Amino acid sequence: MSKVLERVASAARGSRPGRRSIGWGPTAEREDGVARIGILTGGGDCPGLNAVIRAVVRKGVNVHGHAVVGYEDGWRGVIENVVTYLTPENTSGILHKGGTMLGSSRTNPYKEDGGVERVKESLAAEKIDCLIAVGGEDTLGVAEKLTSEGLNLIGVPKTIDNDLNATDFTFGFHTAVQICTDAIDRLHSTAESHNRVLVLEVMGRHAGWIAAYSGIAGGADSILVPERPFDIDEVCSHIRRRHQRGHSFSIVVVAEGAVPREGAESLKTQEKDAFGHVRLGGIGVWLESEIKERTGFDTRATILGHIQRGGTPTAFDRVLATRFGIAAIDAATEEDYGKMVALRGSDIVRVPLADAVGTLKTLDDDLYEVAQVFFG
Ligand code: F6P
């Protein structure tokens, strides 16, 4: 269906009697009685984004009678006003698909010439009542700043890194952990056959959640995380002790942001993205040569990279993403702006966007202590 036809169809659906308008702008009522909800997916993609989009559209259109406007490629699509009109029909069959049908980018409106003004103009041009931003600390950081400028936003927390404050879990994390755990299981058998030390480097940026969860689940003999700078001599003595006890192989899981004591993060490049982030990576290869040199054991490194972000979401992430999407469209309908939907225990709650951004949620000490019991 063409964009124009989509718009007509959406408006027709929304104009059914009994539909409630959430208002156009802070004071004036919408003329057509249809609330227009925008949605974007920003930052690094992760499994579950399509499940959020589907849930927002399904409940937004079928239950609340809204029109849903998808912005392509994160904040870039808002700045450039590139939209796709979303319907239950064109968002059907995407629940199990990885990536995002809307595309994503790491565009930061606050770093673009006239970026914020262009965001405001494009939301006004599409008559957007509320924009749902699905993202991590960067995307939601922009959402929080725009909220303080008077725009209507709702946040949905996503990232494989699980490093977002104010929510117990982000969707995407569980899938990434499962992918890493499967990789560790596979590494085990080949490590054992060749009497090797195998090092697995996983993502997570400055937080060790993926490394700790997958390391515990996969039975790693050492887990190195950014929150605990490591002593390479200690890592090697764990491995030696294990081999002295008769084990012929070891598995070391290292987070990309892990740092040796008195060392620095391993970077792929010094270049920074629009949010000031460097690209991490390479600590696994450094460990491979250090462990080999210090212990004499044959050692190999594997870097999982973007495999951790690709493919189909786990059932847990599909359900979490769906619950987040439903909660976000309900918050938009109730005009409860400036909030992020979050998981607390087993409940979905709303928290101020400001609580989610600013500081990172780093790895739980208690969890790392569980992992340590199995080292060496
Ligand atoms: O934030 C998600 C993440 O996958 C991090 O774990 C990783 O450091 C980064 O994104 C990689 O970013 P890019 O896809 O830009 O290489």
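As a basis for the values below, the full set of heavy atoms in this structure was taken, side chains included, without hydrogen atoms, waters or symmetry mates. Atoms within a ligand are numbered from 1 in the order they appear, just like the ligands themselves. Computed from a prediction, not measured in an experiment: that's the story for all the values here.
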### Query
Testing I303, V235, V253, I291 for side-chain contact (heavy atoms from CB on, under 4.5 Å) with V199, which one passes?
I291
### Query
Hey, is CD on E262 packed in by over 12 heavy atoms from elsewhere, all under 6.0 Å?
no
### Task
Scan for side-chain hydrogen bond (donor to acceptor under 3.5 Å, both in side chains) pairs involving residues 339-357, sequence neighbours excluded, and state none if there are none.
E334-R350, D336-K339, D336-R350
### Query
Is the centre of the F297 ring less than 6.0 Å from the centre of the H243 ring?
yes
### Message
Check the orientation of Y213 and W209. Use parallel for under 30°, tilted for 30 to 60°, and perpendicular for over 60°.
### Response
tilted
### Task
Return the protein residues near ligand 1 (heavy atom under 4.0 Å from any of its atoms), ordered by chain and residue number.
R106, I160, D161, M203, G204, R205, E256, H306, R309
### Message
More than 12 heavy atoms of other residues, nucleotides or ligands under 6.0 Å from CZ of R279: yes or no?
### Response
no
